[in-house]
Amino acid sequence: MSLRNELEQRVSAWAEKNFPGLVNEPWVRACADERHGHFQTHLAMVAAKATRQNPRELAERLARECPPPEGWEKPSVAGAGFVNYRVGPEALGRAVDTLRKDSRLGVPSVSRPESIVVDFSSPNIAKAMHVGHIRSTLLGDSLARLLHKLGHRVTRVNHLGDWGTQFGKLLLAYRAAGRPPIEADQAIDQLEDFYKKGHQATEADPAAMEQARAELAALQNGDPERLQDWRLFCARSAEHFRRIYERLGISFDAVRGESAYHEDLPGVVRELLDRKIAEVSQGAVVVRNTSISEEPYLVQKSDGAYLYATTDLAAIRYRTGEMKADRIIYVTDARQQLHFRWLFDTARRLGCRAELEHVWFGTILGPDRKPLKSRDGTPLKLTDLLHEASERAAEILRNKRPDLAPTALREKAELLGIASLKYADQLPNRNLDYVFTWEKLLAFDGNTAPYILNAYVRTRSILRKAGLSQPPEAAVKISQAEEEVLARHLLRFGDAVELATNDRRPHHLCGYLYELAGQYHRFFEACPVLQLPALRDSRLTLVFLTGEVLREGLSLLGIPTLEEM
RNA sequence: GCGCUGUUAGCUCAAUCGGAUAGAGCAUCUGACUUCGGAUCAGAAGGUUAGAGGUUCGAGUCCUCUACGGCGCACCA
C-alpha cells in the first residue's frame, strides 16, 4: 500500500466517524509544495463548510484525534485549515522495503475486474497507415496495457475498414486495368493508385459513378470474382499493417473488420424498426432524439445501403454477446463525438447493458497549425514516419557512440527512434490538438523517452558494476534529502498508474516517469552508491527499484527499455 | 444557426476533477567533467492563466457573458 493510501485510510475513517454525511473522496493528497509537508488533507475545510464550524478548530481536532501511522511526524495545521503530514526516515525506509518485495511495485488490483473491449487503430484496407492512425494506435495500446495491469480482462480489437464504399471505386479501376497482379512489396502504393484513378473517374463522369456503385453492389452481393479481388486487397493490406504493428510492438486479440458484420445489418435495421426505435424518413431509416441533435441518425440509406452506424451497432451486439464485454472503449479522434453519442444512445435503447465509452483525441498539426501533411499534401505515411524516426536516432548515435558496430547501432536507433516517437505522441493531453515538429518528436533532451531511458540505463550500469541482478536484502536507510525525495516518489507509482488508467490519460504516467527520472539523476549526482560501504546496499536498493519502476512504467506506455545506450 | 472543444512564459506543453507562492522543456544567459554514463546536474531570466462579471474560506479549474481558433451537424467512415 502506498504511503498516501495508508494515511488516507486513517483520515477517511475519521471523516466517516465524525462527518458521515460527507461524500467520500480522496482526502489525502501529496502537497504541491513540499515546504508545507509531504501530504495534506483539506478535510477540515470541507467539513467545516458542511457543518458551519470553524475550519481551523476542526483541523486542530483532526490533527489531535487522527494520528498518522507509526514513524510519521506530528501533523501540523496551516493556512485556512490544512493539516500537513511528514513521513519520518525510518517509516519511509520500511515502506521502501515493502515496495521491494511487491511484484506489482505498488500498483493495486481492481476489486471487480471487468471484461473490456478496447477498439483502436482501425486502419482502412487498400490504404497506407498514416499519421491519422498514430494516436489511436498508441493510445489504445497504452490503455489496453494499463487496464490489463489493473486486473481487467482486456480484448484488443482492430475494427478494420474493409467493407466501405471505397471498394466500388477501387474495383472499378482495378478491373478496368485488367486485374493485374498486386506485388507484395509495393501493394499499398498500387492499391492507392487504383483507388485514386477510380476516384478521379467517378468525379469526372456520372456514368462511372454509377459503375462504381454497381461494382460495390456486386461485391456486397457476393460475386465470386470481386470477392476474390477483395480478398487479395485484404491480404496485401494485412501484410502492410503487420509490418507496422511489429515495428511498434503492438498486437491485437481480434482483427474483425466491418465485413464481419455485413450479414447482421438487415437484422439490426429490422429490429430498430420493429421496436419503433427507428423510422422511415425520405426513404432512409433514421433514429431520432432531439436531445442529441435536430438532425436524425441515419442507419440505412434510401438506396438500401448500410452505414457505419449500422455496422457499429452490429459490432456492439457481437462484443456484448459473443465476447461478453462489460465495457467497450472506442479510441478515435474528436470529430466522431457526435456519432458515438448517437451510437451509444441507440445501443442503450436496443437494450445494451454494457458501459460504452468514447475516448477521443485531437488532431496532429503541422507547424502552420493545420492538420499535418507530407510535402505533397497527402497524409504523412507511418512507414515514412518510422523510417525518419529511426534514421534521426541513428544519426545521433553515430555521434555519441562511434564505438558501436553497424548492426548494434541500427538496433538501438530503431528502439530509440520509435520510443521517442511513441513518448512524444502520448505526452500531450489527448484532448488537445498538438503541433508536430521533427525536432520535438525526436528530441533527446527534456521530457522525452531518451531522457527517461538514460536514467534507466544508469541504473543498469550501476547494478552491473555491483554485480547484482537482484537488490540486496539489507534494510533501506534514508540518510540524505535526494534519497528521501526519490523514495517517496517511487512509492507513488501505483497512484500514477491508477490515475492514468481511470482518467484514460496515459500522459499522467509520462509526467510521473519524467519526474522520477529527474529525481534519479539528482540522486545520482548527489549520492555515491558504490563508494560508501555503509550506505551501499541501501542505495543499491533504491537504484534497483528506480529501474524497475521506470521499466514497468515505460512498458505500460508500450516503450521497451535497453540495458545500455 | 445549433452543438462539441480549446485559449496558461517568446515557442511547445504540465498543473493529481475546487486547495496553499501556476510548473517543466526548448530557446537565451551563467556555472559544474582526474568521481558509479555530461543523452547529466546547479542557477538566472521569463506570467493580469484571452477579457469581464459571478459562486466561496480558496478559482487556471465551476457558472454567465464577450473575443478569437479548431471541429461536427442525413444518405462518407
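A note on names: the letters A, B, ... follow the listed sequences, proteins ahead of strands, and every chain is numbered from 1.
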Considering residues at least two apart in sequence or located in another chain, which fulfil the side-chain contact (heavy atoms from CB on, under 4.5 Å) criterion with Lys465(A)?
Ser461(A), Leu530(A)
Which residues share a side-chain contact (heavy atoms from CB on, under 4.5 Å) with His130(A), sequence neighbours left out
His133(A), Pro379(A)
The contact string for nucleotides 30-38 of chain B, one letter per nucleotide 5' to 3', using protein heavy atoms under 4.0 Å with B, S and - for base, sugar-phosphate only and none, comes out as -----SBBS
Which nucleotide in the set C41(B), G19(B), A77(B) lies at the smallest distance from any side-chain heavy atom of Leu307(A)?
A77(B)
If we take the C1' atom in both A22(B) and C41(B), what is their distance in whole Å?
25 Å
Tyr512(A) and His489(A): CA distance, side-chain angles, deciding distance, ring pair (Phe, Tyr, Trp, His ring centres under 6.0 Å) verdict
CA-CA 9 Å; Tyr512(A) 171 86; His489(A) 201 250; 4.3 Å; yes
Residues that Lys412(A) engages under side-chain contact (heavy atoms from CB on, under 4.5 Å), provided they are two or more places apart:
Leu397(A), Leu404(A), Leu562(A), Glu564(A)
I'd like the P distance from G19(B) over to G10(B), given in whole Å.
26 Å
For atom P, what is the distance between G47(B) and G54(B), given to the nearest Å?
27 Å
Contact pattern, 5' to 3', of nucleotides 2-17 of chain B - B, S or - by protein heavy atom under 4.0 Å:
--SSS-----SSSSBB
If you apply the rule side chain to side chain donor-acceptor pair (under 3.5 Å), what do you find for Glu483(A) with Ser479(A), and how did you get there?
CA-CA 7 Å; Glu483(A) 293 173 282; Ser479(A) 65; 2.7 Å; yes
Any idea which heavy atoms bring Lys169(A) and His199(A) closest together, and the distance?
NZ-ND1, 3.0 Å
His508(A) vs Asp503(A) side-chain heavy atoms within contact, under 4.5 Å
yes
Determine the contact category for Leu397(A): base if any of its heavy atoms lies under 4.0 Å from a base atom, sugar-phosphate if only primed atoms, P, OP1 or OP2 are that close, otherwise nothing.
base
Pairing residues for Tyr85(A) by the ring pair (Phe, Tyr, Trp, His ring centres under 6.0 Å) criterion, not counting sequence neighbours:
none
Assign each of Gln282(A) and Gln336(A) to its nearest nucleotide of RNA chain B by heavy atoms, then name whichever residue's nucleotide is nearer the 5' end.
Gln282(A)
For a quick test of reading the model, state the closest non-hydrogen atom pair linking Gln166(A) to Asn124(A) and the distance between them.
NE2-CB, 4.4 Å
Salt-bridge test for Arg135(A) and Asp333(A): reply yes if a basic N is under 4.0 Å from a carboxylate O, no otherwise.
no
What distance, rounded to whole Å, do you find between the two C1' atoms, one in A39(B) and one in C33(B)?
15 Å
Pick the P atom in U12(B) and in A50(B), then give their distance to the nearest Å.
15 Å
Mind checking the P distance from G6(B) to C62(B)? Whole angstroms is fine.
9 Å
Any donor-acceptor pair under 3.5 Å from Arg52(A) side chain to Lys49(A) backbone:
no
Given A74(B), G19(B), A77(B), the nucleotide with the shortest approach to the side chain of Ser281(A):
A74(B)
Nucleotide A59(B), atom P - distance to CE of Met45(A) in whole Å
12 Å
Ignoring hydrogens and angles, are the base of A39(B) and the side chain of Asn399(A) linked by a donor-acceptor pair under 3.5 Å?
no
Starting at CZ of Arg56(A) and ending at C1' of A20(B), how long is that distance when rounded to a whole Å?
12 Å
Let me know the distance between CG of Leu298(A) and P of C76(B), rounded to the nearest Å.
9 Å
RNA chain B contacts made by residues 37-44 of chain A, counting heavy atoms under 4.0 Å
Gln40(A), His42(A)
His339(A) vs Tyr308(A), ring pair (Phe, Tyr, Trp, His ring centres under 6.0 Å): CA-CA, chis, key distance, verdict:
CA-CA 10 Å; His339(A) 162 67; Tyr308(A) 84 140; 4.0 Å; yes
Does anything in residues 520-534 of chain A pair up under salt bridge (charged side-chain N to carboxylate O under 4.0 Å, His left out), and if so which pairs, sequence neighbours excluded?
none
Pairing of RNA chain B as dot-bracket, 5' to 3': ( ) intra-strand, [ ] crossing, | other strand, . unpaired, with Watson-Crick or G-U pairs under 3.5 Å?
(((((((..((((.....[...)))).(((((.......))))).....(((((..]....))))))))))))....
Sequence neighbours excluded, the answer for side-chain contact (heavy atoms from CB on, under 4.5 Å) partners of Ala278(A) is Leu272(A), Leu273(A), Val285(A), Val287(A)
Sorted by number, residues from residues 446-453 of chain A placing a heavy atom under 4.0 Å from RNA chain B are Gly446(A), Tyr451(A)
More 5' along RNA chain B: His521(A) or Phe82(A), using each one's nearest nucleotide?
Phe82(A)
In whole angstroms, how far is the P atom of A77(B) from the CD1 atom of Ile125(A)?
15 Å
C1' atoms of U8(B) and A44(B), separation to the nearest Å
22 Å
Between Glu295(A) and Ser293(A), is any side-chain donor less than 3.5 angstrom from a side-chain acceptor?
no
Within 6.0 Å of CD in Glu279(A), more than 12 heavy atoms from elsewhere
yes
Rounded distance in Å between the P positions of A45(B) and G23(B)
14 Å
Quick one: label Ser302(A) by what it contacts on the DNA or RNA (base, sugar-phosphate, nothing), any heavy atom closer than 4.0 Å.
base
Do Tyr306(A) and Tyr261(A) have ring centroids that are under 6.0 Å from one another?
no
What ring pair (Phe, Tyr, Trp, His ring centres under 6.0 Å) pairs are there with at least one residue in residues 521-545 of chain A, not counting sequence neighbours?
Tyr451(A)-His521(A), Tyr520(A)-Phe523(A)
note: Trp163(A), atom CH2; C76(B), atom C1'; distance rounded to Å ~ 17 Å
Taking only side-chain nitrogens and oxygens of His36(A), does any of them come within less than 4.0 Å of OP1 or OP2 of A20(B)?
no
Rounded to whole Å, how long is the line connecting atom OH of Tyr514(A) with atom C1' of U40(B)?
12 Å
Nearest whole Å is fine: how far is A77(B) P from Tyr306(A) OH?
13 Å
Between Asp445(A) (CG) and G25(B) (C1'), how many Å, whole number?
9 Å
